[in-house]
Protein chains: 2
Amino acid sequence: MTGKLPAYFDENSEPISARIATGLHKIGLAMKQQSWQQANGAGLSATQGQILAALVADGPLTGKELSERLGVTLPTISDSVRVLVEKALVTRSADPRHPRASLLTPTTEGAALGARARSWPEFMADAVADLSPEEQRAFFAGIVKMIRMLQEQGLVPITGMCVTCTHFRPNVRPGTSPHHCAFVDAPLSSEQLRIDCPEHELAAEPARRAVWEQFMRRG
Amino acid sequence: MTGKLPAYFDENSEPISARIATGLHKIGLAMKQQSWQQANGAGLSATQGQILAALVADGPLTGKELSERLGVTLPTISDSVRVLVEKALVTRSADPRHPRASLLTPTTEGAALGARARSWPEFMADAVADLSPEEQRAFFAGIVKMIRMLQEQGLVPITGMCVTCTHFRPNVRPGTSPHHCAFVDAPLSSEQLRIDCPEHELAAEPARRAVWEQFMRRG
DNA sequence: TGATGTAAGTTAGGACTCCTAACTTGTCAA
DNA sequence: TTGACAAGTTAGGAGTCCTAACTTACATCA
């Protein structure tokens with residue numbers, strides 16, 4: 001039955017991986033526009049919104065930490081933070097951990113805006129909601145693996161994902177919830193993995209690789 | 001067997017759709033950085049690279065068409081095109097279809113750069129390549145549906161996808177290649193669907209909706 | 001007690017992105 | 001012939017993002 005039809009597209013189409021890349025590109029377009037619009041609607045710039053969202057999600061952070069999370073350089077952060085301080089949306093306080101660092105904390109008003117900013121990607125969640133649960137699981141699994149590989153290439157900051165966390169124990173029991181989080185001491189299924197956990201603690205390199213390999217070894 | 005374990009994460013974790021959204025956000029971060037770096041390495045700005053890539057992929061386009069494809073306004077395109085013309089990477093010629101429009105065509109050098117720019121998302125294809133073929137199919141299916149839904153919301157331009165094309169005939173035969181492309185008169189499987197087909201011709205609204213519904217009706 | 005180093009930020013400056021608003025200019029229809 | 005429409009351009013301004021060069025605090029070690 002294979003070879004029965006001339007299979008025009010097998011020869012003339014780009015490989016599926018390239019088309020996935022193109023598709024993600026289009027989705028990225030929507031995200032960019034959306035976050036721009038949402039931020040402007042809230043009287044913020046896009047990065048200001050992201051900063052507030054990060055502070056609300058992960059607690060007080062230093063400029064350095066923000067620059068890593070958002071994937072921009074320190075001067076860019078410094079600039080946006082200055083504006084946020086002027087607007088009285090965040091305050092600085094000394095960081096006990098680092099000599100010259102200052103922890104950024106949102107004010108009441110800033111926290112409210114940050115909470116709203118966190119929900120900006122929800123327009124995508126809406127689009128995802130129309131997929132069947134099974135499709136969502138498959139989609140999510142692909143995303144987790146893909147992010148991990150992009151992290152290997154140094155293109156995505158390593159934060160928040162279970163699969164790089166000291167507390168993560170992959171495939172420790174049979175059944176639908178094979179993984180375990182040692183932090184909250186609770187079982188965890190593959191589709192419950194976190195992408196942005198505030199308790200994430202980066203595992204050291206050899207352990208990190210071992211955890212990933214054990215995670216990928218299904219069965 | 002359900003309910004056997006306390007299911008901490010069922011209660012304390014965000015829904016999977018939200019985590020998918022966050023994940024896509026992270027991937028978007030990598031795309032943004034990557035295209036910035038690649039473009040700079042080629043002596044272009046990010047949008048200039050995108051414009052050249054679009055011209056190489058889809059043939060001569062007008063400014064208007066470019067602005068729709070890239071999701072930016074006409075002035076932004078106009079500005080970048082001016083620079084590209086100064087650099088002798090594209091030329092303008094009259095468009096027979098529209099009175100005041102001008103078709104943009106890459107020069108030899110521009111076409112070479114555009115071809116390189118087209119391959120910039122390949123770093124993602126590499127990350128995708130490590131997924132199993134089955135995972136890739138599922139991932140791709142999710143992307144196609146998601147883009148379609150974002151198009152409905154007007155967040156992604158409607159171009160290049162089979163599922164909005166006059167030539168697309170979904171689910172017309174049983175088996176692994178149920179669809180058909182009337183343009184090249186060839187059968188088509190779900191994972192061969194195109195995301196960015198230059199022959200795409202937008203179907204009129206009632207037909208478009210009907211096609212989508214028939215596409216979603218599996219079996 | 002200093003000299004040197006390191007890490008976190010800031011400032012300065014420049015290229016690019018991206019928008020809105022206002023204008024120009026061809027074509028077509030009333 | 002007048003007016004509407006569509007495609008572009010220009011002007012102006014806010015924001016993004018970088019590199020390079022500084023500042024400042026503490027830590028270390030001679």
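Owing to the predicted nature of the structure, the values given are computational and were not obtained by experimental measurement. Here is how names work: the chains are called A, B, and so on, in the same order as the sequence lines, proteins then strands, and each is numbered from 1.
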Could you pull out all donor-acceptor pairs under 3.5 Å where a side-chain atom in residues 115-128 of chain B meets a protein atom, sequence neighbours excluded?
residue  : atom : partner  : partner atom : Å
B:Ser119 : OG   : B:Arg116 : O            : 2.7

Problem - Length of the CD-C1' vector between A:Glu86 and D:dG15, whole Å - result: 14 Å
Handout entry: Proximity to DNA chain C (any heavy atom under 4.0 Å), residues of residues 65-84 of chain A only
Key = A:Leu74, A:Pro75, A:Ser78
Exercise for the section: Mind listing the residues from residues 32-64 of chain A sitting with a heavy atom below 4.0 Å of DNA chain C? Number order is fine. Expected result: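 Residues of residues 32-64 of chain A under 4.0 Å from DNA chain C: A:Lys32, A:Trp36, A:Thr62, A:Gly63, A:Lys64.
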Problem - Residues forming a ring-ring contact (aromatic ring centres under 6.0 Å, His included) with B:Phe139, sequence neighbours excluded - result: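 Checked B:Phe139 against ring-ring contact (aromatic ring centres under 6.0 Å, His included); matches are A:Phe139.
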Exercise for the section: With sequence neighbours excluded, give me every side-chain hydrogen bond (donor to acceptor under 3.5 Å, both in side chains) pair touching residues 190-199 of chain B. Expected result: A:Asp10-B:Gln192, B:His179-B:Ser190, B:Ser189-B:Gln192
Handout entry: Pairs involving residues 17-30 of chain B, ordered by first then second residue, that meet side-chain hydrogen bond (donor to acceptor under 3.5 Å, both in side chains) (sequence neighbours left out)
Key =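 Every pair satisfying side-chain hydrogen bond (donor to acceptor under 3.5 Å, both in side chains) with a residue in residues 17-30 of chain B: there are none.
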Listing, residues 51-64 of chain B side-chain donor-acceptor contacts under 3.5 Å, not counting sequence neighbours, or none:
residue : atom : partner : partner atom : Å
B:Asp58 : OD2  : B:Arg69 : NE           : 2.8
B:Thr62 : OG1  : B:Glu65 : N            : 3.2
B:Thr62 : OG1  : B:Glu65 : OE1          : 3.4

Please report, to 0.1 Å, the donor-acceptor pairs under 3.5 Å made by any side chain of residues 158-165 of chain B, with sequence neighbours excluded.
residue  : atom : partner  : partner atom : Å
B:Thr164 : OG1  : B:Met161 : O            : 3.1
B:Thr164 : OG1  : B:His200 : NE2          : 2.7

Problem - Presence of salt bridge, A:Glu213 and A:Arg209, under 4.0 angstrom - result: no
Review item, side-chain donor-acceptor pairs of residues 104-111 of chain B, under 3.5 Å, at least two apart:
residue  : atom : partner  : partner atom : Å
B:Thr107 : OG1  : B:Ala88  : O            : 2.9
B:Thr107 : OG1  : B:Leu89  : O            : 3.3
B:Thr107 : OG1  : B:Gly110 : N            : 3.2

